Amino acid sequence: MTRYIIKRLVLMVPVLLGVTLLVFLIFHLTPGDPARVLLGEMGQGATPEAIEALRHQLGLDRPWYVQYGDFLLKAIQGDFGRSFRGDRPVLPELLARFPVTLQLTLSALGLAALTGIPLGIIAAVKRHTWVDHLVMVVALLGVSLPSFWFGIMLMQMFALKFKVLPPSGTGTWQHMILPAVTVALSSVAFIARMTRSTLLDQLREDYVRTARSKGLRERAVVFRHALKNAFIPVLTTLGLQFGNLLGGSVVTESIFSLPGLGRLAVEAIKGRDLPSIQGSVLWVALVFSLVNLAVDLGYAALDPRIRYE
Amino acid sequence: MRNRMAVIGLIVFILLILTAVFAPQLAPFDPDKQDWRARLQGPSAAHLFGTDEFGRDMLSRTLFGGQISLVAGVVPVIIGATLGTLMGLTAGYLGGRWDQLMMRFLDVLLALPSIFLALAIVGTLGPGLFNAMLAVAVVSIPGYARVVRGQVLTLRERDYITAAVAAGAGHARVIFRHLLRNILSPLLVQATLSVGFSILTTASLSFLGLGTQPPTSDWGEMLASGRQYLPDAWWLAVFPGLFVMLAVLSVNLLGDGLRDFLDPRSRND
Amino acid sequence: MRKLLAPLLAISMLVLTACGSGSSTQTTTPGTTTGTPATAAPKEQKAVIAVGGEAQTLDPHKTFSGNSFVVTNQIYESLLARGTDGSLQPRLATEWKAVNETTWEFKLRQGVKFQDGTPFNAEAVKFSVERLKNPDTKGPGAYIVTMIKEVKVVDANTVQMITDKPFAPLPAHLAHPVAAMVSPEGAKGDLGKNPIGTGPFKLSNWKAGESVTLVANPDYWGGKPKLETVVLRVIPEAGTQLVELKAGTIDLFSGVQPEKFDEIEKDPQLSATKFLGWGSFYLTYNTKEGPTANPAVRKAIAMALDRKGMVDILRAGMAELANAPVPKTVFGASASLTPIAYDVNAAKALLKQAGVTTPLKLKLQTYENAETKQIAGAIQAQLKEIGIDLEIAVTDSAAFTKDSLKADHGLLLSSWGTVTMDADYAFWAWYQSGQHQADNKAFYANPEVDKLLADARGTADEKARLAAYQKIQEIVQNDLPYLPLYFGLSNYAKNDRLVGEVYPFAMINLDLRKAEIK
């Protein structure tokens, strides 16, 4: 097992290298000129010469592979460059944004798991009754309406009408409630449906029949045997959502004015700010690699038959 | 009971398709006809679903919107699920180097923000609805692959698989006869729930020049452009949202039915 | 079936009631939603201002974004500033005059110190302008001062700026927030993190992506501001900004959505103000290639658009019909031109007369933004009436800046801010034939206009400049490389407890020196 973990950690190096190269390639396929974007709406009126001069200052007049080599050389020494927008170091900005994203991810996913898994179990146990249908419809609502809609409605209700929660921003734990609920809404559907579906599969397996025929109580059957085996796809779903959320959820962060990574990445992409894009994508890749490693280890913990050589 | 639910799902889905196909006959107004003086009006006898920022009839736009949204909801799911399943199945079953290669490649893909990928697609393949669906499909591949692989990892060690392999069954036979059937549950859940996500995401890419362009409407685009008039003009979001929900609901019921149909164990349940 | 429908209906009812209550908050707003939480802390001299995006840096020379200038302009000052009437006001310079065609002289305010104690003097001016110009600074806004060849220190309180060519709008350029005076001592460190200017407020705390907190500068030359603290909070969503204002958690935001304006005004605790700013919203024709190279097509399109309807109905009065390329707040704007009249039949006749076969296919490019999308949709519907089949291509704004330079573009829809309030800034960029790879996206070239532009730039005689600009506007209304649609109004909304704020045209000029919380 330790060897496997070490191997996976070593394999992250080519993954991260691949990411940096891909970011460079994609960036050069992307329409738009960083210098012009930098001048933006306020910079209308700049002459062609001024725009060229700016491109030179940003080092954008060099071939992409020279730019890439330059980036790699510095990155190895821990220098992730300075942003095009504002000429500030990239790494501290990323680190400053991470705590908010982590808070949102943990609270939203915790909420989603704590509601989604029980809902899925209830739906499976009471399958094909009205309880099951109600759970399904509630869950589906979460994936059918865009999260901005929930966000706006929750804010109107709890910040303006009942005045029990602050509208947006950070500072207290109350600030995190509405965004966490908004993000959780779409995850609940996946978790609940996945739990229900795979649990039903397990309940049809031979070993469950055997356990039942031996007179084991239904609750024991579900919780002690079936649930554990049903949990692999649920764990996968949780891992995917966790990784996604750690990359930031742009819409929720915007609506609730949270200074998270998602907004940082999208603003960097919209601003064609290559060093910032590179930094944020690399960060997300690192997070995803670690989360996926944890998920794979989780598989082995849930099902001892799974072995990694 | 189970079949009845699947039948309901089928009926709803067919009804949605029919309303989209016969939108020109069903719609009370030209969906693109602007009447500025009647803008942002709530539901009334004349406009059952209200009017939008140009005074266009929301009912007509919702009916026509189905023509694009139903395609945008289903096509990326089919592409993404097919590719993702293939990758997940082979990675999980074959394991070793192949597994590492596939999964680490998907780690890279997962890390790229979807907007960034979509921009690269506009840059290379150009704008258009199909390219938008392609972008959404590509982004969804790792999700399917990981769900399928996770399931395959546990199945691989099961008795009936080892027995099949011992009996001399080829890889292809094992994968398609035995494994595929047993991963259907999580796969179908992932796929049917993604229909709503596909509709909303395909539309959300229209600002990059991907997806539908004005004056064509689809449900996701209607939801997105109604955003700035929330919460006052609630009808701009609720009616297209209701249709997205009906689509997702019917596809989910169908998915459940399909799973039951394909899984022999559930017959005598 | 019934089993399924019951929960479904229950849910949809829930959704509807949620919406209902959401909108009823809107209608019952007056007196109920605002004030209470905020007035609980009486007269704390703290103002919270919403900003749409994060400052990129607090070094004014290294950025050219409005969101950054909103912050830096509280900390730093330029030599001149804008008044609410559009005139140039003294700020760090008390007097200025043209010595000759290429030399401007500025008398500096005496006894001013930077926030780190460094004296503000002619050397500091020289340092600041040269720093902005220096390529090593990587300042995107360097072009604002590139025409300055030399900054000459005459004595401690007098500087001369010598330009390579005659450049009449120089004082207007020096009122720009990018031309801020920075402490030469402070610039040895990182001004981006530790800003040091002469302004009324200084940095207290910057929370990345969230807020910048400023405190009053006790040694400000104009007297210590009444506000102890100013918090500039990043709130990206306009809708959220409005909720925050109603909840009493912010005091001011700009860019009120047209549909929400009346609602805010009716609220006894809040007020909203709108006024003509520096913005133009316009259509660019490709005068070189495609159908719009034909002047008759350009004219017909102009006649087919109900611009008054766009202003009054679609923009809900948050705009003024454009008679000239730039609003009358801008120096040089024509007062005597009248807009081309809306006349669909005449437009059709003109197309027919010019031998244009309809339906005519045409493409309009614009960028992602609620307003551009709305107006593009309106233009598309209206051009259909005269047989023009308009395809709309919306891209993100970064791609637009590049796509719009392509030689084969059709129509472009975009907005413009004449931030120097001098027609030179807009006209040179739009009409000068050397700017085809920059902002002359109509690919317009007219030697007569080029000459007038150079003349107007080269003389400090205001009458001669006005005459030249009037002539240019008459020529371009006839040539029609661009069609001005309307001037979007500047606006802001505030909680009435904030008083004394001065808002010259745009948020970046927000002046809180005399503001206080009542």
Side-chain angles (χ1 to χ4, degrees), chain A residues 11 14-15 18-19 22-23 25-26 29-31 128 136-137 140-141 143-146 148-149 152-153 156 186 189-190 193-194 197-198 200-201 204-205 229 232-233 235-237 239-240 243-244 247 265-266 269 277 280-282 284-289 292 295 299 302-303 305-307 309, chain B residues 1-2 5 95-96 100 103-105 107-108 110-113 115-117 119-120 122-124 142-143 146-147 149-151 153-154 156-158 182 185-186 188-190 192-197 200 204 220 223-224 227 230-231 237 241-242 244-245 247-249 252 256 259 263 265-266 269:
Chain A
L11 272 174
V15 168
V19 166
L22 210 58
V23 167
L25 289 176
I26 290 181
L29 294 175
T30 298
H128 307 315
M136 167 149 161
V137 171
L140 293 187
L141 196 66
V143 290
S144 304
L145 276 166
F148 69 75
W149 192 85
I152 291 171
M153 287 303 161
Q156 290 287 333
S186 66
F190 276 88
R193 295 282 293 158
M194 202 60 99
S197 196
T198 47
L200 277 183
D201 268 4
R204 291 170 186 143
E205 290 279 342
N229 284 316
I232 288 218
L235 179 66
T236 313
T237 307
L240 282 167
N244 272 329
V266 168
I269 292 166
I277 299 175
S280 46
V281 176
L282 209 55
V284 177
L286 186 71
V287 166
F288 252 118
S289 299
N292 283 338
V295 168
Y299 290 162
L302 280 174
D303 186 346
R305 282 173 302 193
I306 298 177
R307 288 181 313 270
E309 64 279 17
Chain B
M1 179 69 220
R2 287 194 316 270
M5 297 307 289
Q100 287 295 355
M103 288 301 123
R104 299 298 77 78
F105 169 71
D107 283 352
V108 175
L110 271 175
L112 293 173
I115 295 182
F116 198 40
L117 261 177
L119 272 172
V122 195
T124 43
R146 289 205 68 90
V147 164
R149 171 179 169 270
Q151 192 75 343
L153 284 178
T154 66
R156 195 173 61 177
E157 313 298 334
R158 293 278 165 87
N182 285 296
S185 277
L188 280 171
V189 169
Q190 176 89 5
T192 51
L193 280 180
S194 298
V195 167
F197 173 82
L200 300 180
S204 75
L223 279 165
R227 173 173 176 171
L230 285 176
L242 218 54
V244 176
M245 197 176 143
V248 178
L249 185 69
N252 270 273
D256 283 357
R259 200 264 327 265
D263 187 349
R265 282 172 311 184
S266 64
D269 170 41

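Proteins come first, then strands; the chains are lettered A, B, ... in the order of their sequence lines, and each starts at number 1. As the structure is a computational prediction, the values presented were derived from the model and not from experiment.
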- From the list A:V143, A:L141, A:L145, side chain to side chain contact (heavy atoms under 4.5 Å, CB included) with B:M245 holds only for A:L141

- The reported gap from CG in A:D303 to CG in B:L153 (rounded to nearest 0.5 angstrom) is 9.0 Å

- Item | Note, B:P231 side chain near A:M153 side chain (heavy atom, < 4.5 Å) | yes

- Query: So do the side chains of B:R149 and A:T236 get within less than 4.5 Å of each other, counting heavy atoms only?
  - Reply: no

- Task: For the residue pair B:N182 and A:D201, establish whether any side-chain heavy-atom pair is separated by less than 4.5 Å.
- Result: no

- Going by heavy atoms in the side chains, are B:R227 and A:I152 under 4.5 Å from each other? yes

- Task: Please tell me if the side chains of A:I269 and B:P113 come closer than 4.5 Å, counting only heavy atoms from C-beta onward.
- Result: yes

- Item | From OG1 (B:T154) to CZ (A:R305), nearest 0.5 Å | 6.5 Å

- Item | Top contributor to chain B interface from A:L22, A:T237, A:L29 [non-hydrogen pairs under 4.5 Å] | A:L29

- Return the minimal non-hydrogen interatomic distance between B:L200 and A:S144, and the atom names on each side. CD1-O, 4.1 Å

- Query: Are A:S197 and B:R259 linked by a side-chain donor-acceptor pair shorter than 3.5 Å?
  - Reply: yes

- Query: In terms of heavy-atom proximity below 4.5 Å to chain A, should B:F116 be classed as side chain, backbone, both, or neither?
  - Reply: both

- In Å and rounded to the nearest 0.5 Å, what is the CG to CG distance from B:L110 to A:N292? 6.0 Å

- Highest number of heavy-atom pairs under 4.5 Å with chain B: which of A:V287, A:V284, A:L140? A:L140

- For residues B:M103 and A:L11, determine if any side-chain heavy atom of one lies less than 4.5 Å from a side-chain heavy atom of the other. no

- Sort out for me which of A:P146, A:P31, A:G18 touches chain B most, counting heavy-atom pairs under 4.5 Å. A:P146

- Item | chain A contact via B:Q100 - side chain, backbone, both or neither, heavy atoms under 4.5 Å | side chain

- Name the region of A:I277, side chain, backbone, both or neither, that has any atom closer than 4.5 Å to a heavy atom of chain B. side chain

- Note on the structure: What one should report as the nearest heavy-atom pair of A:I26 and B:A120 is CG2-CB, 3.4 Å

- Cut-off 4.5 Å, heavy atoms of chain B, and the answer for A:F190 is both

